[in-house]
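The model shown is predicted, which means the values in this text are computed figures rather than measured ones. Below, read A as the first sequence line, B as the second, and so on, with proteins coming before strands; counting in each chain starts at 1.
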Amino acid sequence: MTRKVRTRFAPSPTGQPHLGNARTAILNWLYARNQGGAFVLRFEDTDTARNVEGGEQAILDALDWLGLDRDEGPDVGGDHGPYRQSERGELYLARARGLVADGHAFRCFCTPEEMEADRVAAIAAGEPPGRDRRCRDLDPIVSAGREAEAPSAGEEVTLRLRVDSGPVAFEDRLKGALSIDGDDLGDMVLVRPDGRPTYNFAVAVDDFEMQISHVIRGIGHLSNTPKQVLLYRAFGAPPPEFIHIPSVLAEGGGKLAKRAGAPGVLDYRDEGFTPDAILNYLSLLAWSSATGEEVLTRRELIEQIDLDRLGATDAEVDPEKLRWLSGQHLRRQSAVSIAAAWAGVSGVAELGLSDEDLVRAAEVFVQRTSVLTDAPEELAAVFADPDLRTEAAREVLASPDASLALETLAGAWEETDWDVGTLKASMRNAMQASGVTGKSFFQPTRMSLMGATHGPDLTDVAYALGEARTRRRLARALELAHDHRRETE
RNA sequence: GCCCCCAUGGUGCAACGGCUAGCACAUCACUCUUUCAAGGUGGAGAUAGGGGUUCGAUUCCCCUUGGGGGCACCA
């Protein structure tokens, strides 16, 4: 039996996903793309109290930023909608009534108080709680009549699934064969008196009707699975394949919770990470490529994702490795695209650089950055007008050989091609010609070009600055160097 | 209390029941370099503990310990 692969990401609209939720979405998306299947987004918003203003949009923004495009969902539509549980009330009701009609479910007239009393009594008696004692065996004709009169009789009716004793077996791709006894489940509530479906019922109905083939979700849902399997059984359909993935833990091993200050995906964007780096990093949590390769592009991830290579242990987030991976991704990009990304980083525009400046700088300075937001500082260090009136500058420029070094270098760079290789060669020539070497040559040069005593390779700096700026800076420093010499003599 | 899951260096992963337990991040040293990065080379560092099964166990089984999850008319 080969059915089309359809995966889904089904968050509650409580705001931007944290890293753990993002990884769930990523795995679903990667697998769908790998299989040429469909990736479905569904909002589980039946608990209105939990919904957050703007929560849906934050999730969409996060998915968009990560590049996880949907084939179906609340924003793009599709043949299996609506894609918000809050808009699917009728479907749940119809499905529940169907289950009552064919005997899989029954009407329960017990009050919450009665149920609670039963629960306590069952536990006290050492029996599993959750089994209805009064209503499950009511005659259908009788219970239908009682439902009709419920409003006037002041009764409320709950729809519950008839769960028999005996094993409920199911398969998890990672955990293998699992089984739990129906007695431990109880007669689960499907629809509350007010008509709202319970979570597990809604999920099963949705996954069933949306023809989801693979449910890839957090391990926390493992215990919900038998209930959903039971529902599929009642629907007379085979359940989807379940893949329960281990948790992503916060640094230090704690839970990744928003209330504990866990950053959202969009926060990483704001910190200058690229979506590909996040995608790569998160996919490496509990998964590894067959080749052992760790720096993987989006395309490579799609090609190589393999559910059978998923691990079963919880994984801690490691910010250091994330940064490293981010740097690796940056370094693999073209200078043009890095320059474009830098242009959008706050603090870069203020430097007043041209597109060419940015591209040249990207060529030689990416290796100094891990995230996009590292750029402003690196660029400012080179492009900002050097302040040569500092004590440090004065000291360096007043050194005996400063003038000679600067003069010779300015001459050497007069008639050269402006590329790093040539600049480096002619700088060496200048050193030889002047007889000034090592520190006494480099210090004055670095001071004139960037007003500092340390920084990137000097030829990289000159290359990034461009010919005109470089010449101007050398000339100005040379002037000062002459002045200083005169003063000291 | 009951049920379920997990367990390889600090962190993330790898190892048909079979080479000296491998890779990456971090760390330390060296190297390249005027400097700071990036890069290169090398080092230290792990199978949670105890029992089995087996010629042989990181791998299979049991117990202990530790961690996580669940036991809802929450999602």
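Residues forming a salt bridge (charged side-chain N to carboxylate O under 4.0 Å, His left out) with A:Arg332 (at least two apart in sequence, or on another chain): none. Listed by chain and residue number, nothing satisfies the salt bridge (charged side-chain N to carboxylate O under 4.0 Å, His left out) test with A:Glu303 (two or more places apart in sequence, or in another chain).
Between A:Gln328 and B:G39 there is a side-chain N or O to OP1 or OP2 distance below 4.0 Å. Side-chain nitrogen and oxygen atoms of A:Lys255 include at least one within less than 4.0 Å of the OP1 or OP2 phosphate oxygen of B:G69. The phosphate of B:G69 has neither OP1 nor OP2 within less than 4.0 Å of any side-chain N or O from A:Ser223. In this structure, A:Ser12 does not reach the B:A75 phosphate: none of its side-chain N or O atoms is under 4.0 Å from OP1 or OP2.
Checked by atom type, the side-chain pair A:Arg309/A:Ser288 shows a donor-acceptor distance below 3.5 Å.
Across all strands, A:Asp194 comes closer than 4.0 Å to no nucleic acid atom at all (heavy-atom distances). As judged by a 4.0 angstrom heavy-atom cut-off over every strand, A:Pro193 is placed among the base-contacting residues. Backbone-only engagement by A:Arg331 is indicated by non-hydrogen atom pairs under 4.0 Å involving sugar-phosphate atoms exclusively. Contacts of A:Ile180 with the nucleic acid, taken as non-hydrogen atoms under 4.0 Å apart, are absent. Among the heavy atoms of the strands lying under 4.0 Å from A:Glu44 are primed sugar atoms or P, OP1, OP2 only; no base atom is included. At a threshold of 4.0 angstrom between heavy atoms, the contacts of A:Gly455 include nucleobase atoms, whether or not backbone atoms are also involved. Note on A:Thr158: a base of the nucleic acid sits closer than 4.0 angstrom, heavy atoms only.
One can place CG of A:Leu174 at 15 Å from C1' of B:G68, the figure rounded to the nearest angstrom. The CD atom of A:Glu293 sits 15 Å away from the C1' atom of B:C25 (whole-angstrom rounding). In this structure, A:Glu294 atom CD and B:C23 atom P are separated by 12 Å, rounded to whole Å. Atom CG in A:Leu322 sits about 17 Å away from atom P in B:U11, given to the nearest Å. Protein atom CD1 of A:Ile245 is 15 Å distant from nucleotide atom P of B:C6, rounded to whole Å.
Map A:Thr111 and A:Leu284 each onto its nearest nucleotide of RNA chain B; the residue landing nearer the 5' end is A:Leu284.
An aromatic stacking contact links A:Phe442 with the base of B:U34, defined here by ring centres under 5.5 Å apart and ring planes under 30° from parallel.
Looking at A:Asn224, its side chain comes within 3.5 Å of the base of B:A75 through a donor and an acceptor atom. Counting distance only, with no hydrogens placed and no angle test, the side-chain atoms of A:Arg368 and the base atoms of B:C36 include a donor-acceptor pair under 3.5 Å.
A cation-pi arrangement is found for A:Arg146 relative to A:Phe109, the charged atom lying closer than 6.0 Å to the ring centre and inside a 45° cone about the ring normal.
Scanning RNA chain B for stems, defined as runs of 3 or more consecutive Watson-Crick or G-U wobble pairs whose donor-acceptor distances all fall under 3.5 Å, gives the following ranges: B:1-7 with B:65-71, B:10-13 with B:22-25, B:27-31 with B:39-43, B:48-52 with B:60-64.
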